[in-house]
There are 2 protein chains.
Amino acid sequence: MRSPRGKVSIRDVAEAAGVSVATVSNVVRGRKNVSQAVRERIQETIETLGYFPDRAAIQLREGSNRVVGVLVPSLDNPFFTAIIACLETCARNDGYDIIVASAGEDAASASSRLRALLSWRPAGMVVLPNDDHFADAALLSASAVPYVVLDRLPQSCTADTVAVDNEQAASDAADYLAGLGHRKMLVVATTLSLANIRQRHAGIVAFCARAGLPEPKVLEVGHHAEEALPTLAAALAENDAPTAIIALTNSITLGALRCLHQSGHVVPDDVSLVGYDDYAWMRATLPPITAIRQPVEELGEQAWRRLTHRIAGDSTAPVQVRLPCMLAVRGSTAPPRTGKLS
Amino acid sequence: MRSPRGKVSIRDVAEAAGVSVATVSNVVRGRKNVSQAVRERIQETIETLGYFPDRAAIQLREGSNRVVGVLVPSLDNPFFTAIIACLETCARNDGYDIIVASAGEDAASASSRLRALLSWRPAGMVVLPNDDHFADAALLSASAVPYVVLDRLPQSCTADTVAVDNEQAASDAADYLAGLGHRKMLVVATTLSLANIRQRHAGIVAFCARAGLPEPKVLEVGHHAEEALPTLAAALAENDAPTAIIALTNSITLGALRCLHQSGHVVPDDVSLVGYDDYAWMRATLPPITAIRQPVEELGEQAWRRLTHRIAGDSTAPVQVRLPCMLAVRGSTAPPRTGKLS
DNA sequence: TTTCTTTTGTTAAACGTTTAACTAAGGCGC
DNA sequence: GCGCCTTAGTTAAACGTTTAACAAAAGAAA
C-alpha cells in the first residue's frame, strides 16, 4: 500500500490506479482532459493512499515554487512578529507559503541565514535588515530573486521599499506635546545607530527648532532597560527637568514606564509619556499610553503587493513607499504642571 | 557566466572549473578526497559564480532535509511567537531550518496548512493543536513524520507531548490568594472548551474544595475583552463580591485589567489580580502584575530535544512531559480589604 | 472507404543534486 | 615486468514531478 520509504509518490498512485504518472499529474493539477471515470478512480486512489505532492520535486521541476522568504532581525520583537503575521495572511490568500528566518545579532549570522533562505529558491523575499548597511543587498540582487525591503531602509536603495514616515510621526508627537504646553522634552532611545531611530529623533529636533523650543536632550540607553533607570532618574531630577518623555521604540516605552514607576514619578502628573508602536498592553495600563501607532498591517500588505507585482514580472523602476503613522492620544499625556515654575 | 535562468547550478560550476559535477559536490560536501589544487580552483569558481546549492534538489535526492515544520494556531498570540522564537534558536543550533504556518480559525484551514507543511517532507514537526480534538493527528501519523505535540494536548495521545502542569499552576495561584486571606475568587477565561483552560479552572476549583472555600464563580467572556466589561463589572458589584480575580490567559489578563480600570476598581486595594503568562508589560504596569509564569523556553527546548531524538531514530514509547509553572508574586495581589466585611 | 479532428492517455526528458560503482594513474614490493 | 593497493577523478542512476511530443481510438465530414 505504501512505498517502503514511508512516502507515497505519484508513481504509487499511478500503479494502484492502473494509469501512467502523467495522467495522475494531470488530474491533480487539472491541466488536461481526463475522462470522468479515470479521474474518479485516481481521486479515490489518492484518498486511500494518502498521497500528496512533494514540494521539493515540484520546485525542482518548476524552477521555483510559491514560497517567499521572510528575514527579520529577531522573533522576540512584537513589531516583527506582527509583520510576519500580516505577511502570512497575505501569502496564504495568494496561495503562497512563507519561510521565516531570524537574522540574529551579527552580520555573519544574518548573511548565513539569508543564504539559507535563498537556497530554497523562493519566488520572492521580504527583508527587514538588521542595520543600515545591509551588506547582504548585493547577495540578494545577485540572486535575481525579487525582493522588497521593509521598515529599516539602507542608505541607498535599488529595490522596492516600504517604510513608515518616522520623521513626520515623531514630529507630530512633539507637536502634540508642545500644544499641551510642554517646552522641555526628553527623547529616549535604545541606540541612534539605526537610521529609523535617527529619523525619529531628527523629526523631534526639527520640530523643536521650528517651534522655537530648546533642543530636546536624547538618552541612548541600549537594549537593557533596567540599566537605564539611573540615567533616566538623573535626567528627571535635574534643575530644569523635562516635562515630557518620548520613547522611540516599544521596548523603550516599556522600560521608561518601569523606570518612572520605580523612581516614583506619576504619569502624567509629573511627566507625560509618549510611546512608540501601539500594542494592546498600552491600553491596559493606568493611565493608558499615548502612542505613535505604526500601520503594521498596511506595511505588510503594501510590501506584499509590491512583491507579488515583481514576481509577476513588473520591471518598472523601484518604488519607495512611505506610510504615515497616527498618534493615538490617551491618558499618559497632559499639560505640564505649572506649579513647578514658580 | 550565469545560466539563462538566472540560477547557477552545480553544473555551471563544474563546467567553469573544468571538472565533473561529482567533484564539485565532493568539495562542497567534503565527502571524498579532492586534491588541494582542484579544491581551490572549485572554491574560487563557486565564489565568483555565486553558487549555492538548491535545497529542493538536495531534499529530493536525500528524501528529507534538515527542516522541521511548526504549526501554531495563530501568530498573533505572544505565547506562540515566543515558542517559535525558542524553537528557531534550537533549530539553528542543530543546523535545521523551520517552516512556520499558522493554522487559522477553522479545522479545514488547519488541516490544509498541515498538508502544506507536510508537503515539504520535513524531518519532523512540532504541532500546537487548535483544539482538543486534533483531528489531524491521523494525517500526521499516516505521514510517518516524527512529531511532538506542544501545549494543547488532545485527549488521547499516541505521540510525544510537552506541556505545562496547568492544574498545579492554577492551584498554586489559588493557594497563594487563600494564604493572603481571600475567600471569594473569580475566575475569568475566554472559553472553557479548551482542555488547557479547563485544567486551570479545575485546579482552582479543586484547591478551593480542599481548603473549604466556596467554589469560585467562573466567567467565560470570549475573545473580545471589551464585551466582557459589563459582565465583569456586574460580578464585582454583587453583594458578596469576589476579592480576587484569576485570569486564565494572557489576553484575558489584559482585558480584565482594562475592565477594572474602566470600572474604577483599584488593584490591589479593591481587588487582587493574578494573570496568566508572564510578559514584559506585566512588570511595567502600576502595580506590576502577579502572574503564573509558563516556562516558555523550556517548553520549546524539551519539545526540540524529543523531536531530534525521534528524528535520530529513537522508537521507544511516547513520552509525556509536564513542566511546572512558577508564580511570580508582584504588586497586584494583596490581602483583601477587611473594612468591607462589617 | 478515406481523411481529418478531437479526445484521452502514454512516453520520455528535464530540473539539481548525491553517491555507488567504476576507471585511470601513480607508487610499491617482489 | 607483474600484481596489488591507494588516490583522484568520472559516469550514470536515482529522487518525484511536469509537460512537450507522441500514439491510439473514436467520431465526423467527405
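Quick caveat: nothing in here was measured; it's all calculated off a predicted structure. Lettering follows sequence order; numbering is per chain, from 1. Just so you know, these numbers use all the heavy atoms, side chains as well, and skip hydrogens, waters and symmetry mates.
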>> Run the side chain to side chain donor-acceptor pair (under 3.5 Å) test on S109(A) and S112(A) for me, step by step, so that the C-alpha distance in whole Å, both residues' side-chain angles and the decisive distance to 0.1 Å come before the verdict.
In response: CA-CA 5 Å; S109(A) 151; S112(A) 113; 5.5 Å; no

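Not counting sequence neighbours, the partners of D160(B) by the salt bridge (Lys or Arg N to Asp or Glu O under 4.0 Å) test are R306(B), R310(B).
Residues W304(A) and N93(A) bring no donor and acceptor atom of their side chains to less than 3.5 Å of each other. If you check the side chains of E47(B) and Q43(B), you find no donor sitting under 3.5 Å from an acceptor. Using modelled atom types, one finds no donor on one side chain facing an acceptor on the other under 3.5 Å when comparing D76(B) with S74(B).
The nearest whole Å value for the distance from the CD atom in E62(A) to the C1' atom in dA20(D) is 14 Å. Rounded to whole angstrom, the span from the CZ atom of R29(B) across to the C1' atom of dT17(C) amounts to 9 Å.
OP1 or OP2 of dT7(D) has not a single side-chain nitrogen or oxygen of N33(B) nearer than 4.0 Å. At the phosphate of dC15(D), neither OP1 nor OP2 sits under 4.0 Å from any side-chain N or O atom of S9(A).
Between D151(B) and I83(B) the shortest side-chain heavy-atom distance does not fall below 4.5 Å.
Using a 4.0 Å cut-off on heavy atoms, the residues of residues 19-28 of chain B that approach DNA chain D are V19(B), S20(B), A22(B), T23(B), listed by number.
For the pair E15(A) and R11(A), the salt-bridge criterion is not met [side-chain N within less than 4.0 Å of a carboxylate O].
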> If the sugar-phosphate is the primed atoms plus P, OP1 and OP2 and the base is the rest, what is the B/S/- string for nucleotides 22-27 of chain D, using protein heavy atoms under 4.0 Å?
Replying inline: ------

